[in-house]
Structures are given as C-alpha cells and as structure tokens.
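Notes follow once the structure below has been shown.
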2 protein chains.
Amino acid sequence: MARRKRDHLVETALGLFMRDGFHATGIDRILAEAGVAKMTLYNNFHSKEALIVAALERHDAAFVDWLQSRVEALADAPGDRLLALFDALDEWVSGDDYHGCPFMKACGEFDDVEDPVHAAALAHKRRVFIYVRELAEAAGADDPARLAGELFLLIEGAMIVAQMTRDRSTARRARAAAEVLVAATLTAS
Amino acid sequence: MARRKRDHLVETALGLFMRDGFHATGIDRILAEAGVAKMTLYNNFHSKEALIVAALERHDAAFVDWLQSRVEALADAPGDRLLALFDALDEWVSGDDYHGCPFMKACGEFDDVEDPVHAAALAHKRRVFIYVRELAEAAGADDPARLAGELFLLIEGAMIVAQMTRDRSTARRARAAAEVLVAATLTAS
DNA sequence: TGTAAACTATACAGCTCTGTATACAGCAGA
DNA sequence: TCTGCTGTATACAGAGCTGTATAGTTTACA
C-alpha cells in the first residue's frame with residue numbers, strides 16, 4: 001500500500017511547516033526532504049492546502065493520544081491530573097525541537113475561520129478543551145466548564161509564550177497559577 | 001517631509017500583514033493599497049523585512065500607549081488596574097477587526113529568535129510584561145514578578161484563544177481567572 | 001510470468017515574488 | 001533658470017511558487 005509514502009510525506013511536511021511556516025515552505029522542499037516525487041503528492045492530495053489539513057488532522061490524533069497517556073501516567077487522582085496537564089505541557093514546550101503549537105500557527109497564517117485549515121486547527125483545540133473539561137468534571141469542580149476554560153487559557157498562554165521567549169520555566173509558571181485556580185474551585189465546593 | 005508617505009505605508013502594511021500574514025502579503029499589494037510607488041518603499045526601507053520590523057516597532061509604541069491610557073482611565077486603585085488590563089484587552093480582542101496579536105503572528109512566521117522580526121516582536125512583549133509587573137508592584141503583591149508572569153500568561157492566552165475561536169467572552173474569562181490569582185496574592189501578604 | 005497500480009523523473013505553463021534600473025514630473029530654494 | 005530632492009511610472013531580471021503533462025520504472029500480486 002501507499003500508506004507508508006503518504007504518511008512519510010505528511011510527517012515531513014508538518015516538520016517543515018513548523019520550522020519555517022506554512023506559506024514559507026514550498027512544495028519542492030517538502031518533496032526533496034521526503035524523497036518523494038511531485039506527482040505522488042498530487043495523486044494523494046489535490047492541493048497543498050489538502051496536505052496541510054491532512055498534516056494537522058494526523059497531528060491532532062497523535063497529540064491528543066500523547067497528552068492523555070502522559071497525564072494518566074503522571075497522576076491518578078482527578079484533581080492531580082488537572083495539574084499533570086501542565087507537567088506534560090512542560091515536557092513538550094521545554095524540548096529543544098519545540099517550535100510552537102502547529103494549530104496556533106495554522107490559525108495565525110489562515111486567519112479566516114471558514115478556511116479549512118483554520119477549521120481543522122480549531123477542531124483540535126476543541127478536542128483538547130473537552131479533555132480538560134472531563135478532567136475538571138472528574139475532579140468534582142463546581143463549574144467544570146468554567147474551570148476548564150480558565151485552565152485552557154493558561155495552557156494556550158504557556159504554549160505561545162514558550163514559543164516566543166523560549167523560556168523553559170514557562171509551563172511551570174502556568175502550573176503554579178493553575179494550582180491556585182484549582183484549589184480555589186475545589187475548596188469552594 | 002516624507003514622513004506622511006512613510007507612515008501611511010507602514011500603517012497599510014501592518015493592516016494587510018494582520019489580515020493575510022507576513023509571507024502571504026506581497027509588496028505589490030501593499031503598494032497598491034497604500035497608493036505608493038515601489039521605489040518609494042525601497043528608498044525608505046532596504047527590504048520587505050525592514051518594513052515588517054518598522055511596522056512592528058510603530059505598533060509597539062502605539063499599543064503600549066493605548067493600553068496604559070485605557071488602564072488608567074478604567075481604574076484608579078493599583079489592584080483594580082491589574083484587572084482593568086483585562087477590560088482593555090476585552091475591548092481589543094472583541095472587536096470586529098481583531099485578527100490576533102501582530103507580535104504573536106510575527107513570532108509564528110519568523111520562528112528563529114535571532115531573526116530581527118522575531119526579536120522586535122519579543123521586545124514588545126517584554127515591554128508589556130514590564131508594565132504588568134509595575135502594576136503588580138504598585139498593588140503591593142508579595143512577589144510582583146511571579147504574579148505578573150501568571151497574569152501575562154492569561155493575557156497572552158486570551159489573545160491567542162480569541163483569535164482562534166473568535167469567542168467574545170474570552171477576555172472576560174481571563175479576567176475571572178485573574179481575579180482569583182490577584183486575590184490569592186494580595187490576601188496572602 | 002503477466003498485468004495493473006503506484007511511483008519516479010523531468011519538463012514546463014503560468015503566475016507571483018523581491019528587488020533593481022531607468023526615465024520622468026513636481027517643487028523648493030539660490 | 002539651475003540644482004537637488006522626492007516621488008511616480010514602468011519595465012524587467014531572476015527566482016520561486018503551485019500545479020500539470022508525459023513518459024518511463026518499480027512494485028504488488030494473481
């Protein structure tokens with residue numbers, strides 16, 4: 001099957017998109033890096049935009065799986081898992097190869113909410129938010145959606161600040177703030 | 001003087017960069033929109049990158065001035081001014097013409113921290129952080145840098161989430177979280 | 001071993017990009 | 001009127017871009 005080639009193409013593309021941006025990365029460079037012919041690309045995707053969407057969708061599934069498995073490995077109690085979100089985040093954004101969140105970058109370069117690329121990225125963010133809300137519900141928060149919304153802002157804030165500053169303490173600072181928010185909600189109930 | 005033409009060019013460029021992105025916006029479109037000849041651009045800036053940096057530097061000053069004046073108009077007490085930051089933020093990100101924070105977008109498209117564009121954007125973010133820290137100091141926070149760092153994460157998180165989702169309640173949610181963090185710090189001292 | 005599908009290589013069409021070159025117009029001041 | 005400055009208009013060089021066309025090669029599998 002062509003699964004291998006296709007997957008390799010999508011993975012290579014995402015790596016280059018992250019480092020250099022979507023518009024700044026040309027098809028030819030992706031093909032050269034992946035060692036794939038141009039016609040193979042256009043036999044699998046009908047445009048560069050379709051390749052971008054495929055890359056985002058693939059990374060969506062991989063990232064959510066990774067996040068959930070890390071959180072579950074790092075903590076057992078529901079309340080602790082809300083904070084383990086930030087430990088997992090720290091592992092990611094403090095890495096040497098961190099180039100920011102692909103989905104944020106996609107929304108930045110494709111501003112229109114109706115754009116398929118923006119929509120795919122936004123769908124991913126919604127999935128992450130839902131996971132945070134489920135953790136908040138499990139932790140017995142008074143208003144899980146509200147707590148999740150606030151923690152989500154800290155998560156996204158840490159991602160973008162870590163990308164801009166490359167400061168490795170960013171996620172830990174977000175965790176410290178999250179501790180206050182979680183404690184305030186759980187003791188209030 | 002040529003000040004007028006130059007300023008108009010920079011303003012037009014920033015507007016287009018925000019809507020369509022830096023790489024996706026060509027010189028020719030900027031010139032057409034601004035009604036300026038190409039040679040006028042290259043007599044004032046030695047490259048497109050220089051124009052981008054100029055646009056960011058100009059917006060840096062304008063934005064910080066606007067933010068400070070809004071915060072001072074919205075609240076008097078130092079503690080209230082920390083929260084007024086989020087009210088001002090709300091005015092901005094809830095507007096119809098909000099297309100995200102220019103400095104975030106710049107860091108997204110110019111990933112390398114050494115890049116002049118990234119550096120200019122980062123310098124702006126540092127200025128905003130310093131202002132937040134000054135407000136935290138004036139409010140008598142125990143650890144002003146820590147509180148400012150946490151509030152800064154909420155501010156940046158609100159900017160990026162509002163851009164991705166176009167949800168107009170984003171900044172208010174950030175404010176609610178900020179209230180908890182501010183209260184926790186001020187009552188602890 | 002024969003056949004169909006998938007992949008490669010290469011050339012190219014048509015467009016857009018940044019940046020430069022050149023010729024010209026308007027205008028201020030001596 | 002001459003000079004110098006600023007801006008305009010236009011053409012163009014050289015590169016890169018997405019996407020297509022065409023012909024040949026490899027691979028999978030019955």
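A quick note: this is a predicted structure, and the numbers were derived from the prediction, not measured.
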Where the side chain of Glu109(B) meets the backbone of Glu109(A), is there a donor-acceptor pair that is under 3.5 Å apart? no
Can you tell me how far P of dA9(D) sits from CG of Asn43(B), to the nearest Å? 14 Å
For Phe129(B), all residues meeting ring pair (Phe, Tyr, Trp, His ring centres under 6.0 Å), sequence neighbours excluded: Phe152(B)
Between dT8(D), dT20(C), dG19(D), which nucleotide has the shortest distance from any of its atoms to the side chain of Thr40(B)? dT8(D)
Run the salt bridge (Lys or Arg N to Asp or Glu O under 4.0 Å) test against Asp112(A) and tell me which residues pass, sequence neighbours left out. none
Mind calculating the distance between NE2 (His23(A)) and C1' (dT16(C)) to the nearest angstrom? 13 Å
Check ion pair Asp96(B)-Arg168(B) (N to O, under 4.0 angstrom): yes
Pairs where residues 62-81 of chain B contributes a residue and the test ring pair (Phe, Tyr, Trp, His ring centres under 6.0 Å) is met, not counting sequence neighbours: Phe63(B)-Trp66(B), Phe63(B)-Trp92(B), Phe63(B)-His124(B)
Contacts of Ala145(B) that satisfy side chain to side chain contact (heavy atoms under 4.5 Å, CB included) - sequence neighbours left out: Arg133(B), Asp143(B)
For Arg126(A), the salt bridge (Lys or Arg N to Asp or Glu O under 4.0 Å) test, sequence neighbours excluded, returns none
Which ones in residues 106-121 of chain A lie close to DNA chain C, meaning a heavy atom under 4.0 Å from one of its atoms? none
To the nearest angstrom, the OH-C1' distance between Tyr42(A) and dT22(D) comes to 17 Å
With sequence neighbours left out, write down each residue that passes side chain to side chain contact (heavy atoms under 4.5 Å, CB included) with Gln68(B), or none if nothing qualifies. Val64(B), Glu72(B), Tyr131(B)
Please collect all side chain to side chain donor-acceptor pair (under 3.5 Å) contacts where either partner lies in residues 32-42 of chain B, sequence neighbours excluded, each pair once. Asp28(B)-Lys38(B)
Tell me, which pairs form a side chain to side chain donor-acceptor pair (under 3.5 Å) where one or both residues lie in residues 144-156 of chain B, sequence neighbours left out? Lys125(B)-Glu156(B), Arg146(B)-Glu150(B)
Length of the line joining Leu41(A):CG and dC17(D):P, which is rounded to integer Å: 14 Å
I need the residues from residues 48-59 of chain B with at least one non-hydrogen atom less than 4.0 Å from DNA chain C; give them sorted by number, or say none. Lys48(B)
Rounded to whole angstroms, how far apart are CE on Met39(B) and P on dA21(C)? 8 Å
Could you state the atom-to-atom distance from NE2 of His46(B) to P of dG19(C) in whole Å? 8 Å
Quick check on contacts: within residues 25-38 of chain B, what sits under 4.0 Å from DNA chain C by heavy-atom distance? Thr25(B), Gly26(B), Ile27(B), Asp28(B), Lys38(B)
With sequence neighbours excluded, residues passing side chain to side chain contact (heavy atoms under 4.5 Å, CB included) with Ala121(B): Leu56(B), Phe103(B), Ala106(B), Cys107(B)
